[in-house]
*Asks:* 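Handing you a structure now.
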Amino acid sequence: MALVGWLFDAYPAEAGMAVWIAGEGGRPHRLTVLFAPIFYATGPGHVLERIPSALASAGVAADVAMTMREELLSGAALPVLQIAVSSPLAFPTAVRAVGRIPGASLFTCDLSVPQLFFAQTGLFPMGRYRVEGVDAAEGGRPVAAQAPAVTPAAFEPLSAPEDFEYALPPLVSMRLRLDGDPINPSHGRRTELEASVDGEAVVLCPDRPEDLIISLNRLIERYDPDVVLTEWGDAFLVPRLQRLARRVGVPLRWNRERHQGLRTRRERSYTTYGQTVFTAAAHMLHGRWHLDLRNSFIYGESELAGLLEIARLARLPVQYLARTSIGTAISAMQLHRAIQRGILIPWHKSEPEAFKSAEELLITDKGGLTYQPIVGLFEGVGELDFSSMYPTIMARFNVSPETMNCPCCPDAPRVPETGARLCQRRKGLVPEVLEPLLERRAYYKRRKRETAGADRALYQQRQTALKWCLVCSFGYLGYRNARFGRIEAHEATTAFSREMLLRAKEVAEPQGYRMLHALVDSMWLHRPGATCEDYDALSRTIEQATNLPIFVEGFYDWIAFLPSRTHPGLGVPNRYVGRFEDGTSKVRGIEVRRSDVPALIERTQARMLDVLFGARTVVELRAAIPQVLDILTDVIVRLRNGEVRAVDLAVTTTISRAPEDYKNNAVVAVAARQMARAGIALHPGERIQYIITDAGARLPDDRVRPLALLGPDWSCDADYYTDQVLRATETLLGPLDYSVERLEREVRASTSIIS
DNA sequence: AAAGTACGGGG
DNA sequence: GTGTACGTACTTT
């Protein structure tokens, strides 16, 4: 008697971990798996002696025993008290009880219980198992009370987390979305709810709440979905439906377990990388997943295949991972590896750190090399990019917090500029995690090129998810609150990167290439008459000189490095527009790339770019100018005639503070205050939309109107939007000597002919 | 002129 | 469970 299926979810329960297995036929099974989460404590003998009684008086059953574990930074073996807590639910209580004893130092104590479960048992999310001693024959839904308890040893693995190729269970998804899809449904009016499973869609009307709840329950009953996919489920839909269900007295059957509520996590606003982020409260289910498309960075970037790829590698439950940052996933991979290696995890107290001194700031912020590009339009330019430069450096040179300036390798070669040493004997935790990720990503990228259709999409999603892990792994190394961060490691990585980019430059220039621009891991090179093959050959030479993989990102028919707006004539690192030889294009730093630009401006500039990218040469570019001017004129006429819809004029911005905390009358501040006055609750980090009604109005409230409060008789500031369109056009035609003034003249001339 | 506000990047 | 990144563009005072 055995059950074969995929480990779908795990969370703490009364007698052990509740573990859901998605059976081969798609039927779910709930098991109870016996599990005693472990943490460690050190301290003087009299302190350790107090631990058993402290646990007992807190009402926690636990087994304690002395054992040896490794200290991360020194690598030394340390005697520690191992505390195995009998029930997963009691783990936080146990940690609190021991943590209160003065003089006790705790280790591996602040990870989530599912994380500990996966680390201690070797089981992993979405792994395929054969579970002995469980009867799957009944096929139906097992009820909690009948579920048998098994030990982790009953799980026979049929796949490994290291596998590049792996099968996944067939999952039934129910989609829930509100009609209209606004930027944030709680800012708008009530709309209809659309539920769809398996191609069947039902529209539920909010005016008859009881019917709505009953219909939703019926859908869940009939299809028994594994996944509830929502848009704005966390911020709005789920709490709203819960309230509705309570009001009409009919409970919603979200869970596969009958007597459990939803697992929630509070909403929060925080700042990161100078940006304020709002994360809605999480609403997670038992026995099925609630995934909110609009509250999941990883899902948003890499869809379900990417999410599951990372869940397997990071050993994090899917619903939790969906709502967390990539940094957390990276951290989880490192933690997992550390526990496997018997390394003690220091307690990570989130203490507010002291301000950095000016000198410290200078060191920290010296990042990758940045050149100022040579402003202008160039034909025949090659772009060479180092692939995954930072992670490759970290893996290749063994850059990790515990490998920096180790006592065991005094004669190790020095890091350029900083003179630090890197351990040559012990492989670092960070490289150990990164190396397989680099390999996996290379494999998926290759498979993506070799396949088509659904397979190609699958590999694309997986490689995208891994790309984000690699990108963030570097930032994480320098993040002072990261568990495995260390500023010297961060600095070593950027020092290597600068050294390698300089080496690449020194290889290219003697061969007659002129460096037009270079940025961290990319360089733009020009040599009259050079072909793609020449750039290919150059990249191979650079590869030899740097021992880092580099490839030709593309060969541009033409590329324009655009000038700064605030310092005309000077180049800015990330403002350029170019067409590759194969007809594709690359655009950075201009209006189409910005999320706060109204759709009208974005679409207009995109249309213009389409025209310009049809040109293979600068001569053809000049010939395309009239077409671009036609687009410009057309949009300005439509603006004047009031033919543009409000949604296309809406500016979307993230508010960085509560409406009342804004200091001046910036349009965003005025719009936010208007919304607050209308009773809409706004949190820092949320996005709002508004149109400019009269930019120059004396009364701030007349300048702008939120989209959510727009009446039927609205009007916009056509002059303001005309100016925006003109500027977006100037961005593109500037290199061809068209200023805003000249564009205005051209438009005036052509419209006077029309009228 | 100074202060306030927001955004991109990576592929 | 995450922190005053940095440089540019633009508006308001």
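First the proteins, then the strands, lettered A, B, ... as listed; each starts at 1.
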*Asks:* I'd like to know if A/Arg698 pairs up with A/Asp702 as an ion pair, taking the criterion as any Lys NZ or Arg NE/NH1/NH2 lying under 4.0 Å from an Asp or Glu carboxylate oxygen.
*Replies:*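 Judged by the 4.0 Å cut-off on N to carboxylate O distance, A/Arg698 and A/Asp702 do not form a salt bridge.
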*Asks:* Within this structure, what is the CZ-to-P distance between A/Arg594 and B/dT5, rounded to whole angstrom?
*Replies:* 16 Å
*Asks:* Only Watson-Crick and G-U wobble pairs with both distances less than 3.5 Å should count. Give DNA chain C in dot-bracket notation, marking inter-strand partners with |.
*Replies:* .....||||||||
*Asks:* According to a strict under-4.0 Å criterion, is A/Arg657 in side-chain N/O contact with OP1 or OP2 of B/dT5?
*Replies:*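 True: A/Arg657 side-chain N/O within range (under 4.0 Å) of B/dT5 OP1/OP2.
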*Asks:* Could you state the CD1-P distance from A/Ile590 to B/dA6, rounded to the nearest angstrom?
*Replies:* 23 Å
*Asks:* Does A/Ser331 make a side-chain N or O approach to OP1 or OP2 of C/dG1 shorter than 4.0 Å?
*Replies:*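 False: A/Ser331 side-chain N/O out of range (4.0 Å or more) of C/dG1 OP1/OP2.
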*Asks:* Measuring centre to centre across the rings, with the benzene-like ring taken for any Trp, is A/Phe561 within less than 6.0 Å of A/His517?
*Replies:* yes
*Asks:* Give a yes/no answer on whether the side chain of A/Arg727 brings an N or O atom under 4.0 Å of OP1 or OP2 in C/dC10.
*Replies:*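 Indeed, a polar side-chain atom of A/Arg727 lies that close.
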*Asks:* Which nucleotide sits closest to the side chain of A/Tyr320: B/dG11, B/dC7, C/dG1?
*Replies:*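 Of all the options, the side chain of A/Tyr320 is nearest to C/dG1.
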*Asks:* How long is the line joining OH of A/Tyr721 and P of C/dC10, in whole Å?
*Replies:* 16 Å
*Asks:* Could you tell me whether A/Lys586 and A/Glu553 have a side-chain N and a carboxylate O separated by less than 4.0 Å?
*Replies:*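 Yes.
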*Asks:* From the options C/dT8, B/dC7, C/dG1, select the nucleotide whose nearest atom is closest to the side chain of A/Leu335.
*Replies:* C/dG1
*Asks:* Side-chain N or O of A/Asn574 less than 4.0 angstrom from OP1 or OP2 on C/dT8?
*Replies:*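 Negative; the distance criterion is not met.
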*Asks:* Report yes if a side-chain nitrogen or oxygen of A/Asn664 is closer than 4.0 Å to either non-bridging phosphate oxygen (OP1 or OP2) of B/dA3; otherwise report no.
*Replies:*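 No, because none of the side-chain N or O atoms of A/Asn664 sits under 4.0 Å from OP1 or OP2 of B/dA3.
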*Asks:* For atom C1', what is the distance between B/dC7 and C/dG1, given to the nearest Å?
*Replies:*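 25 Å, rounded to whole Å.
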*Asks:* Please verify the inter-ring angle class for A/His490 with A/Phe474; under 30° counts as parallel, over 60° as perpendicular, anything in between as tilted.
*Replies:* parallel
*Asks:* Any Lys/Arg nitrogen of A/Glu730 or A/Arg565 sitting under 4.0 Å from an Asp/Glu carboxylate oxygen of the other?
*Replies:*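 Salt bridge flag = yes for A/Arg565 with A/Glu730.
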*Asks:* Please determine, by modelled atom types, if A/Tyr556 and A/Glu383 share a side-chain donor-acceptor pair under 3.5 angstrom.
*Replies:*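 There is such a pair (donor and acceptor under 3.5 Å, judged by atom type) between the side chains of A/Tyr556 and A/Glu383.
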*Asks:* If you look at every strand shown and take non-hydrogen atoms under 4.0 Å, does A/Thr370 touch a base, only sugar-phosphate, or nothing?
*Replies:*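 The residue A/Thr370 makes no contact with any strand.
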*Asks:* Does A/Arg266 reach a base, just sugar-phosphate, or nothing at all? Heavy atoms under 4.0 Å.
*Replies:* nothing
*Asks:* To the nearest angstrom, how far is A/Phe297 atom CZ from B/dG11 atom P?
*Replies:* 14 Å
*Asks:* Without decimals, in angstroms, what is the distance between A/Asn665 CG and C/dT11 C1'?
*Replies:* 11 Å
*Asks:* At 4.0 Å (heavy atoms only), tell me whether A/Arg588 reaches a base, stays on the sugar-phosphate, or touches nothing.
*Replies:*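 Base contact - A/Arg588 has a heavy atom under 4.0 Å of at least one base atom.
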*Asks:* Please determine if a side-chain N or O atom of A/Arg323 lies less than 4.0 Å away from the OP1 or OP2 oxygen of C/dG1.
*Replies:* no
*Asks:* With a 4.0 Å limit, can you tell me whether A/Thr653 has a side-chain N or O closer than that to the phosphate oxygens OP1/OP2 of B/dT5?
*Replies:* no
*Asks:* Of the options B/dG11, C/dT13, B/dT5, whose atoms approach the side-chain atoms of A/Lys467 most closely?
*Replies:*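 My answer, after comparing the listed nucleotides, is B/dG11.
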*Asks:* With respect to the side chain of A/Asp521, which nucleotide from C/dT13, B/dC7, B/dG11 is positioned closest?
*Replies:*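 The nucleotide sitting nearest to the side chain is B/dG11.
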*Asks:* Please state how far atom CZ in A/Arg265 lies from atom C1' in C/dG1, giving the value in whole angstrom units.
*Replies:* 9 Å
*Asks:* Using a strict threshold of under 4.0 Å (side-chain N to carboxylate O), is an ion pair present between A/Arg263 and A/Asp9?
*Replies:*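 The answer is yes: the pair qualifies as a salt bridge.
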*Asks:* Hey, can you tell me if A/Phe164 and A/Tyr443 have their rings parallel, tilted or perpendicular (30° and 60° cut-offs)?
*Replies:* tilted
*Asks:* Whole-Å distance between C/dC10 P and A/Glu591 CD?
*Replies:*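 So the CD-P distance, A/Glu591 to C/dC10, works out to 7 Å.
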*Asks:* For the residue pair A/Phe278 and A/His683, is the inter-centroid distance of their aromatic rings smaller than 6.0 Å?
*Replies:* yes
*Asks:* Near DNA chain B, counting only heavy atoms under 4.0 Å, which residues of residues 562-571 of chain A show up?
*Replies:*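 Those residues whose heavy atoms fall under 4.0 Å from DNA chain B, taken from residues 562-571 of chain A, amount to none.
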*Asks:* Are A/Arg447 and A/Glu450 within salt-bridge range, i.e. N to O under 4.0 Å?
*Replies:*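 The answer is yes: the pair qualifies as a salt bridge.
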*Asks:* Just checking A/Phe107 against A/Phe39, ring centres under 6.0 Å apart?
*Replies:* no
*Asks:* Using a cut-off of strictly less than 4.0 Å, decide whether A/Tyr662 has a side-chain nitrogen or oxygen near OP1 or OP2 of C/dT11.
*Replies:*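 No, A/Tyr662 has no side-chain N/O under 4.0 Å of OP1/OP2 on C/dT11.
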*Asks:* Rounded to whole Å, how long is the line connecting atom CZ of A/Arg673 with atom C1' of B/dG4?
*Replies:* 12 Å
